[in-house]
Visitor: 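Would you mind keeping the following structure in view while I ask a few things?
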Amino acid sequence: MASIPETQWAQVVEKSGGPVVYKQIPVKKPGPDEVLINIKYSGVCHTDLHAMKGDWPLPTKLPLVGGHEGAGVVVAKGDLVTEVEIGDHAGVKWLNGSCLACEFCQKSDEPLCPNAQLSGYTVDGSFQQYAIAKAAHVSKIPKNVPLDAVAPILCAGITVYKGLKESGARPGQTVAIVGAGGGLGSLAQQYAKAMGLRIIAIDGGEEKKAMCEQLGAEAYVDFTKSQDLVHDVQAATSDGLGPHAVILLAVSELPFQQAASYVRPRGTIVAIGLPANAFLKAPVFGTVVRMINIKGSYVGNRQDGVEAIDFFARGLIKAPFKTVPLSELGKVYELMEQGKIAGRYVVKMPE
Ligand code: NAD
Ligand code: ZN
Ligand code: ZN
């Protein structure tokens with residue numbers, strides 16, 4: 001086995017607002033309950049861009065190494081670690097660690113842990129060659145699964161799989177996926193299809209339209225062209241009554257205020273996207289007499305991770321991704337800011 005170097009390449013946010021700086025930093029040693037993972041690939045989530053911009057009401061650590069879709073190989077572990085072996089393939093998720101003792105952790109709602117540690121936000125994440133995570137929280141990855149393609153599952157896949165379950169939509173029912181052309185959206189379509197759901201994709205532009213149709217959407221509503229989005233979404237269901245569920249993944253406020261108008265009576269709206277300074281809005285009258293359910297969904301627990309990776313390992317989840325070297329992370333953020341990414345970008349670590 002190759003020895004662990006003293007220093008490594010990383011992308012570092014040195015001040016809130018960015019940019020990212022590609023530089024050498026020290027490799028840290030794992031604590032007693034932690035593992036050190038030699039990251040091979042990391043997906044780039046829009047959350048990483050929020051973290052660099054500092055646009056959420058939750059401060060990041062600084063300087064910060066972002067990234068929370070890191071897939072690689074375990075190269076060191078602390079004395080207390082029994083569940084993971086050196087040489088295992090493993091993933092660093094958004095939930096880097098949690099206390100495992102509070103009410104939420106006890107009930108397997110560990111994303112709600114008041115002392116949760118967040119990869120690439122409150123602790124350094126996966127945009128470095130060697131990342132640390134609590135052994136209890138890393139995702140095991142089967143060795144026959146490619147580490148580049150599985151990386152986006154570690155946040156985007158787990159999150160949309162959980163969100164679809166939270167929606168309560170059943171096989172044969174229709175789900176509207178808002179932001180369907182993005183990283184979470186492209187995976188949401190694949191999970192929805194694997195779960196037997198029918199899909200209305202909502203996003204902008206022809207490239208995303210073509211991708212959504214290829215991923216399994218029965219209808220595509222272009223928010224940049226539609227004159228009456230509420231009508232167009234409802235008209236895309238066979239009886240005109242609207243989708244049974246709406247999965248909100250867009251990074252803009254308006255869709256969070258439109259969904260209550262087109263969701264089906266008794267339907268569920270699941271808010272997952274996190275546009276800065278945004279508010280949900282719904283008419284009280286319509287929400288009451290149409291019995292609409294509106295809820296939030298935040299990543300997933302460890303078992304959601306196991307299940308989301310299992311869908312992927314069985315070949316059911318195939319979403320497009322592009323790979324660039326870690327040194328080009330800044331360019332990925334520029335494209336993301338402009339809404340120009342269809343699917344996901346994955347950064348490859350230097351050898
Ligand atoms: P992305 O940039 O890849 O995708 C966002 C998509 O939304 C783009 O395709 C964009 O064109 C589309 N969009 C913008 N305005 C729209 C509109 N009005 N109608 C329809 N589509 C619109 O981003 P991503 O990585 O998929 O992340 C999406 C959001 O989810 C981010 O805010 C991210 O922070 C958040 N997120 C939340 C969780 C969670 O646990 N709740 C987990 C991961 C990411
Ligand atoms: Zn993410
Ligand atoms: Zn806890």
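Atom set for the values below is all heavy atoms of this structure, side chains included, hydrogens, waters and symmetry mates excluded. FYI, the numbering just counts along the sequence from 1. In listed order, ligands and their atoms are each counted from 1. Predicted model, so just to flag it, every value in this text is computed and none were measured.
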Visitor: Any side-chain donor paired with an acceptor under 3.5 Å for D232 and S226?
Guide: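 A pair is found: one side chain offers a donor N or O, the other an acceptor, under 3.5 Å apart.
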Visitor: Determine whether T268 and H244 satisfy the following criterion, side chain to side chain donor-acceptor pair (under 3.5 Å), listing intermediate values before the conclusion.
Guide: CA-CA 7 Å; T268 298; H244 298 81; over 6 Å; no
Visitor: Quick check for you: within a radius under 2.8 Å, how many protein N, O or S atoms neighbour the Zn ion (ligand 2)?
Guide: 3
Visitor: With hydrogens left out, which residues have an atom under 4.0 Å from ligand 1, given that only heavy atoms count?
Guide: C45, H46, T47, H50, W56, C155, T159, V178, G179, G181, G182, G183, L184, I202, D203, K208, F223, L249, A250, V251, S252, P255, I272, G273, L274, S297, Y298, V299, M336, R344
Visitor: Does the side chain of I39 come within less than 4.5 Å of Y130's, by heavy atoms?
Guide: no
Visitor: Would you kindly say whether K295 and N293 are connected by a side-chain donor-acceptor distance under 3.5 Å?
Guide: no
Visitor: Where is the tightest heavy-atom contact between M349 and L326, given as atom of each residue plus distance?
Guide: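 Smallest interatomic distance, heavy atoms only, reads SD-CD2, 3.7 Å.
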Visitor: Any idea how Y161 and Y191 line up, ring-wise: parallel (<30°), tilted (30 to 60°), or perpendicular (>60°)?
Guide: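 Because their plane-to-plane angle lies in the 30° to 60° range, the rings of Y161 and Y191 count as tilted.
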Visitor: Give the minimum heavy-atom separation between V332 and I341, together with the two atoms involved.
Guide: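 Here V332 and I341 meet closest at O-CD1, 3.7 Å.
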Visitor: Look at atom CD of E207 and say whether more than 12 heavy atoms of other residues, nucleotides or ligands are closer to it than 6.0 Å.
Guide: no
Visitor: Looking at side-chain heavy atoms only, is the closest gap between F285 and V289 below 4.5 Å?
Guide: yes
Visitor: Do H68 and D48 have side-chain atoms, one donor and one acceptor, less than 3.5 Å apart?
Guide: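 Yes, a side-chain donor-acceptor pair sits under 3.5 Å.
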Visitor: Check for me whether R314 meets the cation-pi criterion with F311, that is, NZ or CZ under 6.0 Å from the six-membered ring centre and within 45 degrees of the ring axis.
Guide: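 Yes, a cation-pi geometry holds between R314 and F311.
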Visitor: Could you walk me through whether E307 and Q303 pass side chain to side chain donor-acceptor pair (under 3.5 Å), step by step?
Guide: CA-CA 6 Å; E307 293 170 17; Q303 180 61 19; 3.2 Å; yes
Visitor: Taking transitive links into account, so neighbours of neighbours count too, which hydrophobic residues share a cluster with I269 at under 4.5 Å side-chain distance?
Guide: V178, I200, I202, V221, F223, L229, V230, V233, V246, L248, F256, Y262, V263, L280, I292, I294
Visitor: Mind listing the protein N/O/S atoms less than 2.8 Å away from the Zn ion (ligand 3)? Waters don't count.
Guide: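 Atoms qualifying: C99 SG, C102 SG, C105 SG, C113 SG.
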